[in-house]
Amino acid sequence: MVCEELGSVVVRESAEPSAGPGQVVIAVEAAGVNYVDGLFVRGRYQIKPPLPFVPGSEVAGTVVAAGPDVAAPAVGARVLATCGLGGFATRVAVPAAAAVPLPSALDAARAATFTQSHCTALFALRERAGLASGETVLVLGAGGGVGLAAVQVAKSLGARVLAAASTPDKREAARAAGADATIDTAGDVKTAARELSDGGVDVVYDPVGGASAEPALRALREGGRYAVIGFASGEIPALPLNQVLLRNRAVVGVDWGAWSLRNPAGQRALLEELLTLVASGELTPVAPRTEPLDGAAGVLDDLLNRRIVGKVALVP
């Protein structure tokens, strides 16, 4: 699926990639669809790859070729990989170090929709916001893929989770993922969150921005932390700094993508920790909806317009 002009993707055939030095070629069984993929195609991301390009930043599948200097993973190994671009294809070449063995508990669709959402959640909640066992976290956009991952990761850290979402099906998905209570974002988010948390939440996890941001900030208790993940609503909120000053609150930025590129060893450890939780059964990623690869255009449009519950994987 090639983006030849901004705003659209089309099916094209090309020669299969070969494995260069330090690379493996993966036969893609599933490609995860992330919000950033839609931003790339619309030309709305801060990084703007030259046209034409193949979007898709997460894949899972089988290694079918390896460069002459690659010892692992071996041909035949089932892996997941973060590739940046190129994932919406039947074959993709990636650095061997980016291909991580799949635990048996993860099928291809779950594996292809795992890394970005769950690594962002663990990095944000534990490393940036310092979420501790017994604390309460309010997850905004809790019915989307990023939000559902945050619900599950927060629960694995021993937190109580309030899940805020805009529709009944999204709130039900969050509850099924482990949320302790849900909040309708069309209502009074601040009051509901305070009532459900005995006076205020400890952490807000916000991948949405927009109208719910300020009420969520006001729902923080003394020493509460507001984690800024992204702006899926399309609106970057202007937060009143007096509400940060009051009760010694803090606002923390979360740029997992940039951090992971600067800290490959730390990222590998973060991912391996999450995969260990999956293998042990402590973390069970929600199964994504699957669509054919040539349906990528419609999926990206639905994702950008927030019509999707959970995640979607494209299957060649």
Side-chain angles (χ1 to χ4, degrees), residues 34-36 113-166 170-171 173-185 189-190 192-194 196-197 200-221 223-233 235-237 239 243-244 249-260 270 274 277 283 285-286 306 309-311:
N34 291 289
Y35 192 76
V36 68
T113 53
F114 180 78
T115 301
Q116 288 193 26
S117 296
H118 288 78
C119 285
T120 296
L122 184 56
F123 177 68
L125 291 170
R126 189 179 64 190
E127 310 304 328
R128 297 294 293 133
L131 180 67
S133 179
E135 289 190 317
T136 299
V137 57
L138 170 62
V139 178
L140 302 181
V146 171
L148 290 176
V151 169
Q152 293 189 314
V153 170
K155 292 300 294 183
S156 77
L157 294 173
R160 184 166 185 268
V161 178
L162 311 181
S166 58
K170 290 181 178 181
R171 292 191 292 275
R175 190 178 289 277
D180 297 284
T182 61
I183 296 171
D184 184 351
T185 52
V189 172
K190 180 190 74 173
R194 285 183 173 180
L196 289 167
S197 60
V201 301
D202 299 286
V203 172
V204 171
Y205 186 94
D206 184 8
V208 180
S212 296
E214 184 173 333
L217 174 65
R218 291 175 181 268
L220 285 170
R221 68 170 74 247
R225 293 85 73 197
Y226 190 109
V228 181
I229 315 300
F231 313 105
S233 68
E235 178 187 343
I236 299 175
L239 296 175
Q243 289 298 320
V244 179
R249 294 161 171 151
V251 176
V252 296
V254 180
D255 189 349
W256 164 78
W259 172 84
S260 67
L270 192 76
L274 287 163
L277 292 175
L283 190 64
V286 176
R306 302 184 66 196
V309 178
K311 299 276 284 189

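No experiment lies behind these values; they were computed from the predicted model shown.
- Counting all heavy atoms, side chain and backbone alike, Pro285 lies closest to Leu283 at CD-O, 3.6 Å.
- Proximity of a side-chain donor or acceptor of Arg249 to a complementary backbone N or O of Arg218 within less than 3.5 Å is detected.
- Nearest heavy atom pair, residue Ser166 against residue Thr185, reads CA-OG1, 3.3 Å.
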Steps toward side-chain contact (heavy atoms from CB on, under 4.5 Å) verdict (Phe123, Leu270): CA-CA 8 Å; Phe123 177 68; Leu270 192 76; 4.1 Å; yes
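- Counting only heavy atoms from C-beta outward, the side chains of Leu148 and Lys311 never approach each other to under 4.5 Å.
- At least one side-chain heavy atom of Asp180 sits less than 4.5 Å from a side-chain heavy atom of Lys155.
- Proximity of a side-chain donor or acceptor of Arg221 to a complementary backbone N or O of Ser197 within less than 3.5 Å is detected.
- Taking 4.5 Å as the limit, some side-chain heavy atom of Trp256 sits within range of a side-chain heavy atom of Gln116.
- When atom types are taken as modelled, the side chain of Ser260 and the backbone of Gly257 share a donor-acceptor pair closer than 3.5 angstrom.
- Here the closest non-hydrogen pair linking Val151 and Ala177 is CG1-O, 3.9 Å.
- In this structure, the side chains of His118 and Val153 come closer than 4.5 Å at one or more pairs of heavy atoms.
- Between Gly210 and Ser233 the shortest heavy-atom distance is N-OG, 3.3 Å.
- Side-chain atoms of Arg160 never come within 3.5 Å of backbone atoms of Thr136 as a donor-acceptor pair (strictly under, hydrogens ignored).
- Smallest separation of non-hydrogen atoms from Ala124 and Tyr205: CB-CE1, 3.6 Å.
- Distance alone, capped at 3.5 Å, places no donor-acceptor pair between the Arg171 side chain and the Ala163 backbone.
- Side-chain atoms of Leu157 and Leu122, non-hydrogen and from C-beta on, do get closer than 4.5 Å to each other.
- The CG atom of Leu162 sits 6.0 Å away from the CG atom of Leu138 when rounded to the nearest 0.5 Å.
- If you take CD1 on Ile229 and CG on Leu125, they are separated by 7.0 Å, rounding to the nearest 0.5 Å.
- Separating the CG atom in Asp202 from the CG atom in Leu220 is a distance of 8.5 Å, to the nearest 0.5 Å.
- For the atom pair Glu135 CD and Arg225 CZ, the distance stands at 4.0 Å (nearest 0.5 Å).
- By the 4.5 Å heavy-atom criterion applied to side chains, Val137 and Val161 are counted as neighbours.
- Using a 4.5 Å heavy-atom cutoff, the side chains of Cys119 and Leu274 are in contact.
- In this structure, Ala174 and Ala142 approach most closely via the heavy-atom pair CB-O, 3.8 Å.
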